[in-house]
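Everything numeric in this text was worked out from a predicted model, so none of it was measured.
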Amino acid sequence: GVVDMSRLNQDQSNRSEMHAGIRNATALLQQEVGQAGRVAFPNPVALTAAVAAGTNTVGVTSTTGMFVDGFGGGVRLVIGHGATQEVVTVTNVNTGANQITAVFGSAHAIGARVAPAAGFGQGVIPTDHANGSNGSTPSVLKIVGDINGDGNMVYVEYTCSWLEGRLYRNMMPFTAGAKPGVTVEQVLLDNLLPNPPDPDGTVPPCFSYQQHTISGRTYVVNVAIMTTVRTHDRHPVTGEFQVVTKALLNVAPRNVFHTWQMASLGYANRIQPLPATVVTLLN
């Protein structure tokens, strides 16, 4: 009886550890894909001086998170409120002096609110990403935005390696000069296996994407995630590994979906371009 209870306890602990690991990993994936594409600043930003209409340089309380080298121009900012509210494209950022340069259509008073417009249309990097860089793949999910909800934009790669039996999560600032290599500290799931084959024999990938293209820009509006893991230890009686598969078939990156809707309505001027630093990190 003691031996049987010991085996049962070992079996249940083994199962619990496996289910907890895959449940936590898929919950994190679902949350972070949902945040993909969000553009935010760490703190509220306002003009520190009045600015007239035309091409002008003006001071702001902070330039953190702003960029000018995106494919399609610099960061889009919403300036002011009410009748004078407008969206401008930043053409220069002076981080040392906390100044931005843009073409203003209206005059704005000191203290006018400054906020990022909409979000990244390619918050989930599409598989056919433009600019000749590597997009997301069936085994590598690439996302960018305020993923952690703290106002700091980051670039994240999830790599599903059936060869190594691991799911990696590699996160870095969106302005990082180079992508760090994956290490054991970045393992999100261990004992990863290929997914069970479909009736036609096709093995489903870890990541699949629903994409729509408008005016040459591709938007990922849905991500399907499927992972299969086995227990660390064999079953004490059968000697076999226990296996579980977890599938999330409709994970919507809500910020990307919102930009896709705006593009469909013709409001492309509010959609943020993908920063050149992120395009470099895709390789």
Side-chain angles (χ1 to χ4, degrees), residues 9-38 123-125 127 129 133-150 152-197 203-209 220 223-236 239-249 251 253 277-278 280-283:
N9 180 68
Q10 180 184 352
D11 178 40
Q12 292 302 316
S13 297
N14 213 14
R15 284 176 175 268
S16 298
E17 182 181 352
M18 174 183 64
H19 283 283
I22 195 168
R23 182 171 59 249
N24 293 339
T26 51
L28 180 62
L29 270 162
Q30 186 174 21
Q31 188 270 330
E32 295 200 338
V33 170
Q35 283 285 101
R38 185 173 189 267
V124 178
I125 309 299
T127 57
H129 183 258
S133 297
N134 299 322
S136 295
T137 70
S139 60
V140 183
L141 170 64
K142 304 179 180 183
I143 58 178
V144 62
D146 179 20
I147 303 299
N148 300 313
D150 59 0
N152 296 298
M153 294 182 289
V154 295
Y155 171 72
V156 182
E157 277 189 3
Y158 282 94
T159 302
C160 179
S161 175
W162 290 336
L163 182 63
E164 298 179 55
R166 289 174 171 176
L167 174 65
Y168 292 98
R169 176 182 180 271
N170 194 3
M171 183 183 73
M172 65 215 74
F174 84 105
T175 54
K179 179 167 55 182
V182 292
T183 62
V184 68
E185 289 81 10
Q186 295 164 326
V187 174
L188 195 62
L189 271 180
D190 215 340
N191 296 317
L192 195 70
L193 298 175
N195 293 316
V203 177
C206 284
F207 310 110
S208 54
Y209 313 91
V220 178
V223 180
I225 302 165
M226 181 179 289
T227 50
T228 299
V229 298
R230 65 167 174 80
T231 53
H232 284 277
D233 302 317
R234 296 179 182 272
H235 192 278
E240 300 293 333
F241 289 109
Q242 300 168 78
V243 178
V244 64
T245 298
K246 180 80 171 180
L248 300 173
L249 302 180
V251 183
T277 53
V278 173
T280 300
L281 295 172
L282 299 181
N283 297 313

**Report entry** Pairing residues for Arg166 by the salt bridge (charged side-chain N to carboxylate O under 4.0 Å, His left out) criterion, not counting sequence neighbours
**Finding:**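 Checked Arg166 against salt bridge (charged side-chain N to carboxylate O under 4.0 Å, His left out); matches are Asp190.
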For [Y], is there any backbone N or O sitting under 3.5 Å from a side-chain donor or acceptor partner on [X]?
{"X": "Lys179", "Y": "Leu281", "result": "yes"}
{"X": "Tyr209", "Y": "Thr137", "result": "yes"}
{"X": "Asn24", "Y": "Leu28", "result": "no"}
{"X": "Ser136", "Y": "Ile125", "result": "yes"}
{"X": "Asn195", "Y": "Pro204", "result": "yes"}
{"X": "Asn170", "Y": "Pro180", "result": "yes"}
{"X": "Thr231", "Y": "Gln242", "result": "yes"}

Just wondering, do [Y] and [X] contact through their side chains at under 4.5 Å, heavy atoms?
{"X": "Arg169", "Y": "Val156", "answer": "yes"}
{"X": "Ser139", "Y": "Trp162", "answer": "no"}
{"X": "Tyr168", "Y": "Leu188", "answer": "no"}

Report task. Go through the steps to decide whether Asn191 and Phe241 satisfy the test side chain to side chain contact (heavy atoms under 4.5 Å, CB included), and finish with yes or no. Result -> CA-CA 10 Å; Asn191 296 317; Phe241 289 109; over 6 Å; no
Calculate, to the nearest 0.5 Å, the distance between atoms [atom1] and [atom2] belonging to [X] and [Y] respectively.
{"X": "Ile22", "Y": "Thr227", "atom1": "CD1", "atom2": "OG1", "answer": "3.5 Å"}
{"X": "Ser208", "Y": "Leu249", "atom1": "OG", "atom2": "CG", "answer": "8.0 Å"}
{"X": "Met172", "Y": "Glu157", "atom1": "CE", "atom2": "CD", "answer": "6.0 Å"}

Report task. Of all the heavy-atom pairs spanning Val278 and Val144, show the shortest one and how long it is. Result ->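 Heavy-atom minimum between the residues: CG2-CG2, 3.9 Å.
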Query raised in the report: Do you know the tightest heavy-atom contact between Gln30 and Leu248?
Result: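 Closest approach of Gln30 to Leu248, heavy atoms only: CB-CD1, 4.1 Å.
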Query - side chain to side chain contact (heavy atoms under 4.5 Å, CB included) between Arg38 and Ile147, intermediate numbers included - result: CA-CA 7 Å; Arg38 185 173 189 267; Ile147 303 299; over 6 Å; no
Report task. Would you please test Lys142 and Asn134 for side chain to side chain contact (heavy atoms under 4.5 Å, CB included) and show each step? Result -> CA-CA 10 Å; Lys142 304 179 180 183; Asn134 299 322; 3.5 Å; yes
Query raised in the report: Given the rule in the side chain to side chain contact (heavy atoms under 4.5 Å, CB included) test, do Phe207 and Leu29 qualify, once you have shown the distances and angles that lead to the verdict?
Result: CA-CA 11 Å; Phe207 310 110; Leu29 270 162; 4.2 Å; yes
